[in-house]
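Step one of this worksheet: look at the structure below.
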Amino acid sequence: MSETGLHIRRAEYKAALEKFDAALCEAISVSQASAGRFSPMNVGYASYVFTQMCGAATSMIRATPLTRWVCSDFEDWRFGAIAGHARSLLDGFLLFNYLMQPIQSDAELKARINVMHVNDCTRRIKLFRNIGVTEEVEGLEKQLAELQDRLLGNEYFNSLSPQVQKNCKNGQFLTIDTREEMLAKVGFEKGQFDALYDLWSQHIHILPLSFYRIEPNGRGTGIENSVDRAYMFQALEICSGVLTQATELVVQQFPDVASARKGVKSTFSPGPAENKPRPAKPSKQGEVMAIKQTSISEVIKNLFGN
């Protein structure tokens, strides 16, 4: 979607918002319905990621103009208000999908989880050193050494290329798979992903792209305008696909929670008053329809026209 083609009508924007609303309602409802299950280690960690994705999406919809999730005296149409949440959903979805992948052996499972632990441990060491909390560092360094020893004794880890092993062992990699490999597995073309990620990042960090074309009472000011509305439309469409696909993976893992998917009629708490659980009542067949299942690759193809 080029800037010259950013012509999204308000009705189209509202339709995208409604789709995102329905996808989020189903995601939260499924997340709560599947909580507390005994599951393989990778699925357990994936469920934590899914919870954070639901949280990012909740923050995103509460910051989105014309949302039913917030009562406000005015609407903020500045794309930067939701760009960070949208990018978090992309990051979360790649990690979630990576963790939910079928595991071929116990060694592979342990390698994947311990690589993630090493990355977390090295980041904590760096954080504590930077803020001067040195008493925490010694314990973390011991933990890091233990995790690295586990990797060195893991047959699956030892089968990886020397460069991948090095980057995983020093904490540089969060995942064994590269971003390109993870993108391919979810059907997201790398060039399109990089363009979106860069666009959204520019608005998060307030870099020149986000302010060079500010217009009086228009683009970038919070007043409704065609460019910010189109960027928001694009983010809502893509993030709807992300949430829907992630929710589908949870349902595949726990089929009994499929009945929780009822679009904007899904029940969960906290959330909008109309979504709070109520005593069950008989309903007519087809009265409440779940949202249409759409893969993230289909969403991207529709948006970019290829």
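We count residues from 1, following the sequence as given.
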Sub-4.5 Å side-chain heavy-atom contact between L147 and C121: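 When only atoms from C-beta onward are counted, C121 and L147 do touch, with a gap below 4.5 Å.
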Taking the side chain as every heavy atom from C-beta outward, state whether K19 and L243 have any pair of such atoms under 4.5 Å apart.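 Counting from C-beta outward, K19 and L243 never come under 4.5 Å.
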Mind jotting down which residue pairs meet the ring-ring contact (aromatic ring centres under 6.0 Å, His included) criterion with at least one end in residues 94-141? Sequence neighbours excluded, please.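 Pairs touching residues 94-141 that pass the test: Y45-H117, F50-F96.
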Just grab all the side chain to side chain donor-acceptor pair (under 3.5 Å) pairs involving residues 67-79, residues at least two apart or on different chains.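 Matches after skipping sequence neighbours: D21-R68, D21-W69, R68-E274, R68-N275.
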Which residue pairs pass the side chain to side chain donor-acceptor pair (under 3.5 Å) test when at least one of the two sits in residues 33-42, sequence neighbours left out?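 Residue pairs passing side chain to side chain donor-acceptor pair (under 3.5 Å), neighbours aside: R37-D256.
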I'd like to know if K185 pairs up with E181 as an ion pair, taking the criterion as any Lys NZ or Arg NE/NH1/NH2 lying under 4.0 Å from an Asp or Glu carboxylate oxygen.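 So K185 does not pair with E181 through a salt bridge.
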Please report the closest heavy-atom contact between T267 and K276, naming both atoms and the distance.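 Where T267 meets K276 most closely, the heavy atoms are CG2-O, 4.3 Å.
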Relative to the ring of F79, is the ring of Y231 parallel (under 30°), tilted (30 to 60°) or perpendicular (over 60°)?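 Rings of Y231 and F79: tilted, 30 to 60°.
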My understanding is that only residues two or more places apart in sequence, or in another chain, count here; which of them pass salt bridge (Lys or Arg N to Asp or Glu O under 4.0 Å) with R129?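 Partners of R129 under the salt bridge (Lys or Arg N to Asp or Glu O under 4.0 Å) test: E141.
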By salt bridge (Lys or Arg N to Asp or Glu O under 4.0 Å) - contacts of R229 (at least two apart):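 Residues passing salt bridge (Lys or Arg N to Asp or Glu O under 4.0 Å) with R229: E224.
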With salt bridge (Lys or Arg N to Asp or Glu O under 4.0 Å) as the rule and sequence neighbours excluded, what pairs involving residues 82-97 come up?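 Residue pairs with at least one partner in residues 82-97: D91-R179.
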Check the hydrophobic clustering (I, L, V, M, F, W, Y; side-chain heavy atoms under 4.5 Å; chains of links allowed) and say if F211 and I223 are grouped together.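 No, F211 and I223 fall in different hydrophobic clusters.
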